[in-house]
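What follows is a short report on a single structure.
Letters go in sequence order (proteins before strands), and every chain restarts at 1.
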Amino acid sequence: MTPPEAPEDGTNQPGETPPAASVCAPVSLTVLQKRADFLKAARARRQGTASMMVQARRRAPDEAEGIRVGFTCSKKVGNAVSRNRAKRRLREAARAVLPQQGRDGWDYVLIGRKAETAERPFPLLLKDLEGALRKLHR
RNA sequence: GCGGAGGGCCGGAUGGCCGCUGGGGCGUAGGCCCGAGAGGAAAGUCCGGACUCCACAAGGCAACGGUGCCGGGUAACACCCGGGCGGGGCAACCCGACGGAAAGCGCCACAGAAAACAGACCGCCCCGCAUGUGUGGGGUAAGGGUGAAACGGUGGGGUAAGAGCCCACCGCGCCGCUGGCAACAGCGGCGGCACGGCAAGCCCCACCGGGAGCAAUGCCAAAUAGGGUCCCCGCGCGGGCCGGUCGGCGUCAGCCGAUACCGCCGCUAAGCGCGUCUUGGCCGAGAGGGACCGGGUUGGCAGCUUGAGCCGUGCCGCAAUGCACGGCCUAGAGGAAUGGUCAUCGAAGGGGGCAACCCCGGAACAGGAUCCGGCUUACAGGCCCUCCGCGCAU
RNA sequence: GCUGCUGUAGCUCAGAGGUAGAGCACUCCCUUGGUAAGGGAGAGGUCGAGAGUUCAAUUCUCUCCAGCAGCA
C-alpha cells in the first residue's frame, strides 16, 4: 500500500516543493519567535486534529509580511526527546503544506499532542494539517 | 565446558533527494560554493571549583553548616589511589557515615526483681525458732525466667553454698619493646573486670566554609507614564503663615474652622473619603519648555566557548596522578538547529521447520543551554582483557 | 537553566524515635410521621518509593519519584 505511493512522493516533493517556496509563491515562510505572537495566536481560532492542534490568526496589515508559523509542545507531551521529535515532524509538515495552502498575512501555531504527533504516519500527518487549514479558512 | 569476580569499549550502518543552525569564501544583490553540527549518562542538581556581582577587609572569635581510620593525589571535593581495621564469600573479590560513650547532659517503650548503679523476685547455703512445712537473721549471685541488651567467657580448683576467691586459655584495659611516616600490628609484663547501648540525640575534638548565582553581570537602542537635579519663562492653578469675610459653638470673655457646621452633589453594596469662599500681604516655588540622572518595560549585543581541553609517545611512581615532547581544534542555539523521506543491509525478540533455512519484526536509556572535576540514577543488546571455583582431558 | 517548599484516611490538616490521630465526608443504630440537626457505634492507612542508623523509623540520614512556587 505504501510502497507504490511512497516513490511518487519521493520524486514529486523534491521537484515541486523548492519552486513553490522560491518562485511560484512570493510569500515567505518565517518562524514565530516572540512570546507575544504566540499569545495573540492562542486567542484566535483553533482546530484540533488527531495528531495536532492548529491555531490561526489573520494579522493586522502593518504587523509583518508573509506567512508566519510557530511550534509548541508542552511538558504534557513527554520528555525532551519526544517534545523535540514532535516539533520536528510538525516543522516538516508545515514546510510541505503551508507554502501552497497557507494564506498570506496569517500566523499559524502548531501544537504537538502526546503520542500521536510522534507516531502518526507522515502522509496522515500532512492530511491532518490540510484538513485543519481548510476548516480554519472558512 | 559450567558457574562466577573485576576492568575497559561500542551502543544501529551506508547512500540518494529535500531541509535546519551557526562558521568561512565569492558576489552590488537575488544567491552560490566549502567544511562543521548531542551523550555515556548531555539527566538528577547531590557535592567541589572556575567566572561575575554584592558585603567585609591582614585576620581572629562567636553562631550556623559540613567533613570525619591513616597516608598520598588534586584547582578543589563528600571524589580517586594505596594501606589498616571490621564484616561477607570456598575463592577471585565485594561492602563499610570507620574520631570520641573512663568532659558532661539526655533516652533505653513493653516485659522483667533489677535498664546503668547498685541492688536481689524465684532460688541455693548456714544458723535460730516452730516442726513436715513455714518463719526470723545472715551469706551468695552458679542456676531460672524477661528482654534488643542483665555486671566478662570456657574448663579446673575451691567452698556450707558460692564468687577472679585462686589457676590456665580467650576477651578487655594499662605499661613497655619491636616494625611502620601513620592508621595499626606483633611480642612481653602487669591488672583482676572496673568501662552496657545510642553521638544518622544534644554534644566534645580536629579540619573546612562570607552570600548569591550566566534568568549572575556589563553595554546599546526605542517608545511610554511618572520621579529627582539644574536652567529658561513666570506669578494664571495649588501649599504654609498673617489678615479679611463668612460660618458654627458659647457661660458673650472668647474658642474653633473650611478636613469645622448646615445643606447639596459625585463615586460606593455600605461606611470611610473627596469636592463645593474670597481678596490683600509675606514666604515658598509648582505647571509649561529644555538638558541630565536613576528605575521599570521591550528588543538587541557581549558573557559564549582554547579549556584544570583531547590524542599519542616516553619518564618518575605499586597506583591515583605528575612531568616532558609531538600532534589536533572538536556544537554554540536563544519559543532554542542536529530533521523528514526513500532504498539497501541489519542485532535482540517472536513463529514455523529434524536441519540448512524461511516468515514477522525493527533498535536501549535518552538530547547540549556558561564551562569544567566528581557522585548518583536510567539503559535492549553486543565485544575485548584479566582473574577465581568446579568438572573433564593431558 | 537556577533556587526553594510539600507528599499522613475520600478531602483539609495535626503529630512525634515505641499507641497513627482531629474535623468534614461514608456506613449502621437511636431520635422523627419523614428529613435535617443531635446522640451512639463502626469502617477506612504499603504515613510517596527504596536503602541505611537504631532493639525499634511515619519521625533520624541518604538516594530516587511526583507535585507546587519563585528568579529575566
Side-chain angles (χ1 to χ4, degrees):
Chain A
M1 306 190 357
T2 36
E5 267 184 284
E8 276 181 46
D9 282 347
T11 47
N12 284 351
Q13 274 184 345
E16 276 187 30
T17 314
S22 58
V23 180
C24 292
V27 293
S28 59
L29 190 66
T30 53
V31 178
L32 286 182
Q33 306 254 312
K34 301 288 174 286
R35 178 174 170 78
D37 292 331
F38 281 86
L39 293 178
K40 279 183 205 159
R43 263 180 270 128
R45 311 189 58 182
R46 64 183 62 192
Q47 176 64 46
T49 70
S51 55
M52 70 189 82
M53 171 84 75
V54 183
Q55 297 170 340
R57 178 178 76 99
R58 198 205 310 261
R59 287 191 305 272
D62 54 340
E63 257 187 272
E65 303 224 325
I67 301 175
R68 299 196 304 176
V69 61
F71 309 93
T72 293
C73 280
S74 77
K75 274 211 172 163
K76 279 188 220 159
V77 173
N79 57 15
V81 172
S82 42
R83 287 201 303 272
N84 282 342
R85 175 166 302 125
K87 277 195 276 187
R88 284 167 187 153
R89 301 194 87 213
L90 290 179
R91 195 175 292 124
E92 203 63 24
R95 194 169 68 86
V97 171
L98 280 182
Q100 291 97 346
Q101 317 222 358
R103 292 198 179 168
D104 194 6
W106 285 56
D107 281 353
Y108 301 96
V109 172
L110 309 189
I111 304 171
R113 312 186 73 162
K114 194 171 172 62
E116 297 81 355
T117 309
E119 289 168 7
R120 199 164 172 80
F122 198 68
L124 291 179
L125 199 70
L126 296 180
K127 280 184 187 160
D128 283 345
L129 181 54
E130 289 169 5
L133 288 180
R134 232 175 285 123
K135 285 187 182 174
L136 285 167
H137 288 150
R138 267 200 312 241

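- For A/Asp128, the side chain to side chain contact (heavy atoms under 4.5 Å, CB included) partners two or more places apart in sequence, or in a different chain, are A/Thr49, A/Ala50, A/Ser51, A/Met52, A/Arg120.
- Other members of a hydrophobic cluster containing A/Leu39 are absent, since no ILVMFWY side chain comes under 4.5 Å of it, directly or through relayed contacts.
- Using the Watson-Crick or G-U wobble rule with both distances under 3.5 Å, B/C32 pairs with B/G25.
- Nearest to the side-chain atoms of A/Arg91 among the listed nucleotides B/U341, B/A337, B/G335 stands B/A337.
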For residues 129-137 of chain A, run the donor-acceptor check on the side chains, cut-off 3.5 Å, and write out each pair with its distance to 0.1 Å, sequence neighbours left out.
residue: A/His137; atom: ND1; partner: A/Leu133; partner atom: O; Å: 3.2
residue: A/His137; atom: NE2; partner: A/Tyr108; partner atom: OH; Å: 2.8

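- Within the shown strands, B/G257 is the pairing partner of B/C246 under the Watson-Crick or G-U definition, both distances less than 3.5 Å.
- Both distances falling under 3.5 Å, in either a Watson-Crick or a G-U wobble arrangement, place B/U313 opposite B/A324.
- Under the Watson-Crick or G-U wobble criterion, with both distances below 3.5 Å, B/A337 is left unpaired in every strand shown.
- Under a 4.5 Å side-chain heavy-atom cut-off, the cluster of Ile, Leu, Val, Met, Phe, Trp and Tyr residues that includes A/Val109 is completed by A/Leu32, A/Phe38, A/Met53, A/Ile111.
- Residue ring and nucleobase are not stacked for A/Phe122 and B/G340 under a centre distance beneath 5.5 angstrom and an angle between planes beneath 30°.
- The side chain to side chain donor-acceptor pair (under 3.5 Å) search around A/Glu92 returns A/Arg95, not counting sequence neighbours.
- Base orientation of B/A38: syn (glycosidic angle within 90° of 0).
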Which protein N or O atoms sit under 3.5 Å from an N or O of nucleotides 363-367 of chain B?
residue: B/G367; atom: O6; partner: A/Arg88; partner atom: NH1; Å: 3.0

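- A/Arg113 is linked by a side chain to side chain contact (heavy atoms under 4.5 Å, CB included) to A/Glu116, A/Thr117, counting only residues two or more places apart in sequence or in another chain.
- Through direct or relayed side-chain contacts under 4.5 Å between Ile, Leu, Val, Met, Phe, Trp and Tyr, A/Leu124 connects to no other residue.
- Using N1 to N3 plus N6-O4 or O6-N4 for Watson-Crick, or N1-O2 and O6-N3 for G-U wobble, each under 3.5 Å, B/U279 pairs with nothing.
- For RNA chain C, each stem of at least three Watson-Crick or G-U pairs (distances under 3.5 Å) is given as range with range: C:1-7 with C:65-71, C:10-13 with C:21-24, C:26-30 with C:38-42, C:48-52 with C:60-64.
- For A/Ala118, the side chain to side chain contact (heavy atoms under 4.5 Å, CB included) criterion is met by A/Arg85, not counting sequence neighbours.
- Contacts between residues 44-53 of chain A and RNA chain B, defined by a heavy-atom separation under 4.0 Å, are absent.
- Anti is the glycosidic conformation of B/G155, whose angle departs from 0 by more than 90°.
- Judged as a side chain to side chain contact (heavy atoms under 4.5 Å, CB included), and not counting sequence neighbours, the contacts of A/Glu119 are A/Ala115.
- With hydrogens and angles ignored, the 3.5 Å screen pairs no side-chain donor or acceptor of A/Arg58 with any backbone N or O of A/Trp106.
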